[in-house]
Amino acid sequence: MIRHVRTAARAIVAAGLLVTGALVGASPAAAAAAPTTLSASEYTISADYHRFDTLNSALVTALGTSAVHTVMENANHDRQALPASFSVGGLSTGFRFDDGDNSDCQSFPQGITTSRDAVGTADSGNYDGHQLVLVSWYTKDGCDGAQQRSRITLVDWDATYPNTYRKILLVEPTGTAAAPDFKDIPIHAGGVSWNGDYLYVADTGHGMRVFDMRKILNTDSGGTADQIGRQSGTVYYAHNYAYVLPQVGTVTSQTTSGNNLVWSSVSLDRVSRSIVMTEYTCQSGCTDYPNRPPRAVRFPFASGATTFAATTTASQALQLPWYNLNGVASHNGRWWFNSSGQKKLYYWTPTAGPSTFAWVGGGESLSYWEDTTNPDLLWSLQETTGGRNVFAVTQATYGGG
């Protein structure tokens, strides 16, 4: 997320001075600061997976679909190795986007999830034959413009395949059954979680937008860069993207107090079969974000499903003592929170209490990577122009046992 509080952090990363992940010695006051429990019953979500069924059926008929393996067979960008200067404690692996995406001043990577979220460790975490890292992005109208659209990037993470990735535009269905259409989704896409076939993308002031990875649509990659949707007859353009992923549903958040949640980042917890979310807030001085302690809330999926029930009450809610939070992860009762503004990674369990670690500048979302033969990992990424590293660290380095 682009935040005023991170101007200095962006300058540091741009200069190539990256923060290491050594343990920070917490002061007694910091050590005493820990999450406190809130009433989970205050927080509910309403899920609708069929909002766009009629339009999506018409779009599939008009455009046709491509499976994920077909999309990856046509991947057209090469990922790069992490630069030798990149350093963070417990570093296991990672990559950097190509030069064009690394330096793009209009588009910013935000959320991260993987096919290990989608399917677990079975078949080495392959979804449709590929082990994948998925990153959400938002694009501005010019380098200093307003949010204009959002997309995802599918990155092959398997030695069997080339080191390539493909961009897919996120769209909202519009029009009619007789003349289906789609439009851009101008959201921050600050977090993303993949569970089964469904992709959940954070929609800051509302909850999450839901997409189905089985419904990637084929478009005409011609036209001009500003053209979006149905042009004439069966010609559909999407800013020169060859693939679009249409929204299938919504997850809408409610609170009994009226103090609505700010859905800044989300992550999947496969152990408790839930999505956890957290808020970006400021201690003071922010005009675009709340000036109050942030919350983290857990919402469980329906039993045995990768979908939420029509109405779901939170199973856990926390008030946090940390600010400027861009990322959250939870696994087996353990929590991690990334603060871009503080360049800290916070770890907490109810029994062990909090720990604070140094972290990278420009850090964004977190995703937990389960592994049956190697150490479990935490994936994260940096949004900073010129320093967009996507990386995985051993979770045990950051408090996890």
Side-chain angles (χ1 to χ4, degrees), residues 1 6 8-27 30-31 33-35 79-97 102 109-114 116 133 135 157 265 267 269 276 278 320-349 352-371 373-384 386-401:
M1 300 177 184
R6 285 180 32 208
R10 289 199 299 271
I12 290 171
V13 175
L17 302 176
L18 294 159
V19 181
T20 64
L23 177 63
V24 173
S27 67
R79 59 178 169 86
Q80 306 179 75
L82 288 172
S85 60
F86 181 77
S87 175
V88 64
L91 180 64
S92 174
T93 190
F95 63 91
R96 179 178 277 193
F97 296 104
N102 190 48
Q110 297 291 299
I112 188 166
T113 185
T114 73
R116 295 284 175 122
V133 175
V135 174
W157 196 249
S265 188
S267 187
D269 184 342
V276 294
T278 197
L320 308 175
W322 309 301
Y323 295 87
N324 313 123
L325 299 179
N326 299 80
V328 59
S330 181
H331 189 269
N332 200 26
R334 300 164 295 159
W335 290 82
W336 293 263
F337 301 95
N338 165 44
S339 172
S340 59
Q342 307 301 320
K343 290 190 281 189
K344 297 290 195 299
L345 188 68
Y346 305 105
Y347 172 74
W348 176 78
T349 71
S355 299
T356 302
F357 300 84
W359 195 237
V360 298
E364 287 294 324
S365 293
L366 301 167
S367 180
Y368 195 96
W369 172 281
E370 292 182 340
D371 203 308
T373 57
N374 297 302
D376 287 2
L377 305 174
L378 287 172
W379 278 88
S380 191
L381 71 161
Q382 295 172 285
E383 70 163 1
T384 313
R388 289 175 175 156
N389 302 304
V390 183
F391 61 95
V393 296
T394 52
Q395 57 87 26
T397 305
Y398 295 90

Output the distance between atom [atom1] ([X]) and atom [atom2] ([Y]), rounded to the nearest 0.5 Å.
X: Tyr347; Y: Thr356; atom1: OH; atom2: OG1; value: 13.0 Å
X: Arg96; Y: Arg79; atom1: CZ; atom2: CZ; value: 14.5 Å
X: Leu377; Y: Thr394; atom1: CG; atom2: OG1; value: 7.0 Å
X: Gln382; Y: Ser340; atom1: CD; atom2: OG; value: 11.0 Å
X: Arg334; Y: Gln395; atom1: CZ; atom2: CD; value: 4.5 Å
X: Gln80; Y: Asn389; atom1: CD; atom2: CG; value: 10.0 Å

- Looking at residues at least two apart in the chain, or sitting in another chain, which of them share a side chain to side chain contact (heavy atoms under 4.5 Å, CB included) with Ser339? Asn324, Leu325, Gln342, Tyr346

- Message: The criterion is side chain to side chain contact (heavy atoms under 4.5 Å, CB included); which residues satisfy it with Asp371, sequence neighbours excluded?
- Response: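 With sequence neighbours excluded, Asp371 shows a side chain to side chain contact (heavy atoms under 4.5 Å, CB included) to Arg116, Trp369, Thr373, Asn374, Asp376, given in chain and number order.
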
- For a ring pair (Phe, Tyr, Trp, His ring centres under 6.0 Å) with Tyr398, tell me which candidate from Trp348, Trp336, Phe357, Tyr368 qualifies. Phe357

Which atom names give the shortest non-hydrogen contact between [X] and [Y], and what distance separates them?
X: Arg388; Y: Glu383; result: NE-O, 2.9 Å
X: Gly327; Y: Ser265; result: CA-OG, 3.6 Å
X: Leu381; Y: Pro109; result: CD1-CB, 3.5 Å
X: Pro321; Y: Pro35; result: CD-N, 3.7 Å

- Among Val393, Val135, Thr93, Leu366, find the one that has a side chain to side chain contact (heavy atoms under 4.5 Å, CB included) with Trp379.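 Only one of Val393, Val135, Thr93, Leu366 forms a side chain to side chain contact (heavy atoms under 4.5 Å, CB included) with Trp379, namely Thr93.
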
- Message: With heavy-atom distances below 4.5 Å as the criterion, would you say the side chains of Ser267 and Val276 are in contact?
- Response: yes

- Partners passing ring-ring contact (aromatic ring centres under 6.0 Å, His included) against Phe337 (at least two apart in sequence or in another chain): Trp322, Trp335

- Message: Does either side chain, that of Thr114 or that of Ser367, offer a donor lying less than 3.5 Å from an acceptor on the other one?
- Response: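 Judged by distance alone, the side chains do not pair up.
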
- Centres of the Phe391 and Trp359 rings: under 6.0 Å? yes

